[in-house]
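One structure is given here, and the rest of the page talks about it.
No hydrogens, no waters, no symmetry mates; every other heavy atom, side chains included, goes into these values.
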Amino acid sequence: MSESPIRVRIAPSPTGPLHIGTARTALFNYLFAKRLGGTFILRLEDTDVARSSIAFEKDILDGLHWLGLVWDEGPEVAGEAARGPHAPYRQMERLDTYRAAAARLLAEDKAYPCYCTPEELEAERKRAEAAKQPPRYSGRCARLTPDERAAFEAEGRRPALRFRVGEGIVAFEDLVRGRVEIETTALGGDFVIVRADGTPLYHFTVVVDDAAMEISHVIRGEDHLSNTPKHILLFRALGFREPRFAHLPLILNPDRTKMSKRKSQTAVADYRDQGFIREALVNYLALLGWSTGTEEEILSLEELAARFDLESVQKGGAVFDRERLEWLNGQWIRRLSADDLVERLRPFLARDLDAGRIDRLPTDEELRALMPVVQERLPTLGAIGDLVGFLFVDRVDAEPAVLVPKRWDRETTLTALRAARDVIASVGRVSFEADELEPPLRALAEERGWKAGDLFMAIRVAVTGRTATPPLFDTLVALGRERTLGRLDRAIERLAAAGVA
RNA sequence: GCCCCCAUCGUCUAGAGGCCCAGGACGCCACCCUUUCAAGGUGGAGAUCAGGGGUUCGAAUCCCCUUGGGGGCACCA
């Protein structure tokens, strides 16, 4: 095999938001390129004009960018010029290239005009299905005489262009699966490469572009495995050198079918919006279908790039396991610097404010002070409001029923809360620190014969409204003396009132 | 229906003939730590390596068959 520079690409189609599967394919291409000092290219396959949109394109670009998968060559975006020697990288801007290639195939009779209408083809497919036959183009237009063509033209029919598949066996050496062979007769007959309206189709553009962009390795999902023979035939017909192929295992729904929007959360943006961080998603995706062969598992993009190899890619599909992603997300959140975490938490807090889940935004100092206690408790960034939101609301409503610890009754709770209020009021006058609060409150519990845990739980619920919170004294400090006392008073009032009623 | 691909704990995987009556991780359970919740630590349950035939002194690992699963078969990508 001749040595050529490593050039790989991710070629998404802007017909939907960035999909987890596309992100994984992009990642593997990226890692492969980085590992081998190759070039990672982004190409937009937007020839399905009806379904493509700018909004999807933006979502895809933003998502790849967010994941840190920067491309070496790619289209112009947001006013920034295209990068790379093979611009444009958007297929609808490359129509001339396809037109020229199509003209060549037509001139060499490797392709021919087909005048069948969609309705006729549909009928043909229906018939095949009814007869339990594989759907296959009949080849009706393969050998039209000039007169017959003229007749169709006179009718006003516009032809599509079909590629002659021919006979024989196409074989290739897949980098993850080994040798794959398929008989061309199993390809479904001659296939359309240019629509009647003149726009080119996927199988055609992908080959023309991969050749034009000198792609050395086509790394894509297994759903393309059976398309590969078509592509190889096209590479040959056009006289292009074929790239090497590697087909990645599919990412699966829990029921082991191809991951889909219907059964799983597939949009990368949704994961980001829920507070999964890029490090975790990249790490998780890399380990879906590939492993280092060691027991390492927490790996950064750089560490992954240093270890990646196609030989270790799994052949079987992999079920997307959200729980494991969440665990990895926690691992990565804990590895962030406090300042970085504060920064990343901001948008989520802003969203909580918009939604009315909190009444004000914490200052940077407030947030920063919470990090030691918050960092190890956050499964996702989106959980921040749930974790410490009570600190930033104007009032909490502690239900009398939950205010009373399991082992206590209302009277005891009331007594305890009043006593605790006095202790806190007396010790916190000058400064308000956790290690100033804890000893006297423990002493109080001891003196009254209460379990410290019960006393702490009553206080916890009184000031936060909930039974699960960060450590109590850190929480009181974060709340501040005045608000702590205020919430205690309010809880005492409510509990007392509940008894009267 | 036809073609192609795949097959180790529930899930992600290690394993490339003896180191494996199969290792790690997530999840689950228990215990420890502990004011709650987490995090962390320790331990446990969990896979007759889909089944059946070969090959071999020896197979999760090689071959064949069966079964099961998946993907593809568009003027979508």
Side-chain angles (χ1 to χ4, degrees), chain A residues 11-16 45-48 50-52 114 116-118 121-122 125 128-129 131-137 158-162 174 177 180-183 185-189 191-197 199-203 205-206 221-229 247 249-250 252 254-258 284 287-298 314-328 330 334 373-379 387 405 438 441-442 445 451-457 459-461 464 466-473 475:
Chain A
S13 159
T15 52
E45 309 218 324
D46 54 357
T47 56
D48 186 352
R51 293 196 298 148
S52 294
C114 170
C116 298
T117 64
L121 294 170
E122 182 55 29
R125 255 192 301 276
E129 197 182 327
K132 300 265 187 203
Q133 292 299 306
R136 170 168 231 287
Y137 175 61
R158 305 288 303 138
L161 194 62
R162 272 187 199 273
D174 189 283
R177 277 147 224 285
V180 176
E181 290 187 0
I182 186 171
E183 201 127 4
T185 51
L187 259 27
F191 56 92
V192 175
I193 56 177
V194 180
R195 293 185 180 87
D197 69 4
T199 56
L201 254 15
Y202 167 73
H203 294 308
T205 59
V206 73
E222 193 197 329
D223 44 351
H224 283 292
L225 189 58
S226 35
N227 288 330
T228 300
H247 289 90
L250 258 22
L252 276 21
D255 65 5
R256 305 204 74 88
T257 54
K258 181 163 77 159
Y284 179 70
L287 264 22
L288 254 199
W290 176 77
S291 73
T292 61
T294 68
E295 282 175 8
E296 304 174 288
E297 51 184 359
I298 312 285
Q314 202 79 14
K315 295 188 185 73
V319 172
F320 190 92
D321 180 3
R322 191 188 168 94
E323 303 221 60
R324 190 167 152 85
L325 204 213
E326 276 189 23
W327 171 76
L328 261 177
R334 272 163 240 138
V373 84
V374 141
Q375 194 150 14
E376 66 191 26
R377 290 181 169 71
L378 234 34
L387 225 202
E438 185 166 354
L441 285 169
R442 281 195 186 280
K451 284 202 69 179
D454 290 333
L455 174 61
F456 295 168
M457 182 54 85
I459 299 173
R460 166 178 296 113
V461 175
T464 69
R466 40 203 321 170
T467 55
T469 71
L472 181 62
F473 302 104
T475 300

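- Comparing the P positions of B:rC19 and B:rU13 gives an interatomic distance of 24 Å, to the nearest angstrom.
- B:rU35 is unpaired under the criterion used here, namely a Watson-Crick or G-U wobble arrangement in which both key atom distances are under 3.5 Å.
- Residues passing the side-chain contact (heavy atoms from CB on, under 4.5 Å) test with A:P379 are A:A383, sequence neighbours excluded.
- Among the heavy atoms of the strands lying under 4.0 Å from A:E181 are primed sugar atoms or P, OP1, OP2 only; no base atom is included.
- Distance check on atom P: B:rC62 versus B:rG1 gives 30 Å, rounded to whole Å.
- A distance of about 6 Å separates the C1' atoms of B:rA14 and B:rG23, rounded to the whole Å.
- One P atom belongs to B:rC12, the other to B:rG18, and the distance between them is 26 Å to the nearest Å.
- Nucleic acid contact for A:L121: base, since at least one base atom lies under 4.0 Å from a heavy atom of the residue.
- The pairing partner recorded for B:rA30 is B:rU42, the criterion being a Watson-Crick or G-U wobble arrangement whose two distances lie under 3.5 angstrom.
- A:T15 comes within 4.0 angstrom of nothing in the nucleic acid, heavy atoms only.
- When both pairing distances are held under 3.5 Å, B:rA25 makes a Watson-Crick or G-U pair with B:rU11.
- Scored by the side-chain hydrogen bond (donor to acceptor under 3.5 Å, both in side chains) test, A:D197 finds A:T199 as partners (sequence neighbours excluded).
- Of the possible polar contacts, none joining the A:R460 side chain to the A:L455 backbone as a donor-acceptor pair under 3.5 Å is found.
- The heavy-atom pair separating A:I182 from A:P229 by the smallest distance is CG2-CG, 2.9 Å.
- Taking the P atom of each, B:rA47 and B:rU8 are spaced 15 Å apart, rounded to whole Å.
- A distance of about 7 Å separates the C1' atoms of B:rA7 and B:rA50, rounded to the whole Å.
- Residues satisfying the side-chain hydrogen bond (donor to acceptor under 3.5 Å, both in side chains) test with A:R162, not counting sequence neighbours, are none.
- For A:Y284, the ring-ring contact (aromatic ring centres under 6.0 Å, His included) test picks out A:F320, with sequence neighbours left out.
- The main-chain N or O of A:H247 is found under 3.5 Å from a side-chain atom of A:R177 such that the two form a donor-acceptor pair.
- At the heavy-atom level, A:F320 lies nowhere under 4.0 Å from the strands shown.
- The gap from the P atom of B:rG72 to that of B:rC20 amounts to 41 Å, rounded to the nearest Å.
- The closest side-chain donor-acceptor pair between A:E296 and A:T294 falls under 3.5 angstrom.
- On the P atoms, B:rG44 is 29 Å away from B:rA59, given to the nearest whole Å.
- Using a 4.0 Å heavy-atom distance criterion, A:R256 is classed as a sugar-phosphate-only contact.
- A:L472 comes within 4.0 angstrom of a nucleotide base, judged by non-hydrogen atoms across all strands.
- As judged by a 4.0 angstrom heavy-atom cut-off over every strand, A:T199 is placed among residues making no nucleic acid contact.
- Contact annotation for A:H247: no contact, since no heavy-atom pair falls under 4.0 Å across all strands.
- B:rC2 is paired with B:rG72 under the criterion used here, namely a Watson-Crick or G-U wobble arrangement in which both key atom distances are under 3.5 Å.
- Judged by closest nucleotide on RNA chain B, A:K132 is the one of A:K132 and A:Y202 placed further toward the 5' end.
- Each of A:P12 and A:A468 was matched to the nucleotide of RNA chain B holding its nearest heavy atom; the match closer to the 5' end belongs to A:A468.
- A:N227 comes within contact range of at least one nucleobase, with a heavy-atom separation under 4.0 Å.
- When heavy atoms are screened at a 4.0 angstrom cut-off, A:A196 is found touching base atoms of the nucleic acid.
- Listed by chain and residue number, A:Q91 satisfy the side-chain hydrogen bond (donor to acceptor under 3.5 Å, both in side chains) test with A:T205 (two or more places apart in sequence, or in another chain).
- For RNA chain B, the span of nucleotides reached by chain A at under 4.0 Å from its heavy atoms goes, 5' to 3', from B:rG1 to B:rA77.
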